[in-house]
Number of protein chains: 2
Amino acid sequence: MPRTPPQCPMDSILRLLMGPWTTHIIWVLSDQGPQRFGVLKRAVPGISTRMLTERLRMLQRAGVVWREQAETIPPAVTYGLTPRGNDLRGVLDAMGEIAERWKTEGVFEDDDLGGAASPNSRV
Amino acid sequence: MPRTPPQCPMDSILRLLMGPWTTHIIWVLSDQGPQRFGVLKRAVPGISTRMLTERLRMLQRAGVVWREQAETIPPAVTYGLTPRGNDLRGVLDAMGEIAERWKTEGVFEDDDLGGAASPNSRV
DNA sequence: TTTTATAGTTACTTTTTCGTCCCTACTTTA
DNA sequence: TAAAGTAGGGACGAAAAAGTAACTATAAAA
């Protein structure tokens, strides 16, 4: 992602939420409470192991989720939202509300939003 | 961006805001009022013509900005926020507030957020 | 007469992202 | 005895995203 000048703190937070799946993961954790890796993976259908791990690590670095590993023999790892993660829930809700309103207004009907629509999409 | 199931309206709105520069553009338009293309470009330093055009088109399709072209001979095009664009300002502000708080807490100190941090970043 | 400005479009190239596949080590189940 | 589940790590490669540069038209300014 190209750099909006980093002095904008909003940009950092957007790069955080922005990643693929990120909001979905936060949503599940916020809605269903702490979950183990496998459960989380099944709750976010379509995500790959690699992506889930990577997103969780990133959210962890940002202090948005915690990770707890039980050193049992098939290890059991649980993830949950930190208080800071709950801060985000507010923004997510606000955004969800607008999204809901826009949907009733039919904004997303012809949804080719965000897709770069660049002329060089190789097939 | 891989598909979170499209039934989630939030995802659409995120794909909207998420694009690079998008929030910056909305911010300028919201802060400085309607602007002509060239002015806008200079207000978002570092953005390429291609990106600016593409983002504006996308925001326009979403009904977030309007576009007004004066058919003068060097054409003069002006962009501004629609009411729907102003809806977004609220979310942006809420996010900005959290971002501000997190910044004082030093969350962004070692800012490698969002960057995939994948093992295969070729330099 | 050449340059400059406007608001882009198009082609080309590079960079980044993300999915897929294969590996771990140990235990429980079939 | 063989397979499956647990929580990933790492390599590879395809595809998408974004930067760069060159092009459009016309009129005014130098």
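From a predicted model like this one, the values you see are computed outputs, not experimental measurements. Convention: sequence-line order gives letters A, B, ...; per-chain numbering from 1.
Here C/dG19 is the nucleotide among C/dG19, C/dT6, C/dG8 with the atom lying nearest to any side-chain atom of A/Ser48. Nearest nucleotide to the A/Arg50 side chain, out of C/dC12, C/dT20, C/dA7: C/dT20.
In this structure, CE of B/Met51 is placed 19 Å from P of C/dT13, rounded to the nearest angstrom. Atoms CG (A/Leu52) and C1' (C/dT20) sit 16 Å apart, rounded to a whole Å. Atoms CD (B/Gln69) and P (D/dA25) sit 16 Å apart, rounded to a whole Å. When rounded to the nearest whole Å, the span between CD1 of B/Ile73 and C1' of C/dA7 equals 12 Å. Rounded to an integer number of Å, the gap from A/Ile25 CD1 to C/dC18 P is 12 Å. With rounding to whole Å, B/Arg36 atom CZ is found 10 Å from C/dG8 atom P. Atom CD of A/Glu54 is separated from atom P of C/dC18 by 7 Å (rounded to the nearest Å). In this structure, the CZ atom of B/Arg57 is 7 Å from the C1' atom of C/dG8, given to the nearest Å.
Environment of CD in A/Glu97: sparse, with no more than 12 heavy atoms of neighbouring residues, nucleotides or ligands closer than 6.0 Å.
The heavy-atom pair separating A/Leu29 from A/Gly80 by the smallest distance is CG-CA, 4.1 Å. Across all their heavy atoms, B/Arg36 and B/Thr78 have their closest contact at CG-OG1, 3.6 Å.
Projected onto DNA chain C by closest heavy-atom contact, B/Ala76 and A/Gly46 fall at different nucleotides, the more 5' of which corresponds to B/Ala76. Nearest-nucleotide positions on DNA chain C for B/Arg42 and B/Thr53 put B/Arg42 closer to the 5' end.
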Apply side chain to side chain contact (heavy atoms under 4.5 Å, CB included) to A/Thr22 and A/Trp27, showing your working. CA-CA 8 Å; A/Thr22 311; A/Trp27 187 268; over 6 Å; no
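In terms of phosphate contacts, B/Trp21 brings no side-chain nitrogen or oxygen within less than 4.0 Å of OP1 or OP2 of D/dA17.
Base engagement by A/Thr49 is indicated by at least one non-hydrogen atom pair under 4.0 Å involving a base atom.
Between the CG atom of A/Leu40 and the CZ atom of A/Arg42 there is a distance of 10.0 Å, given to the nearest 0.5 Å.
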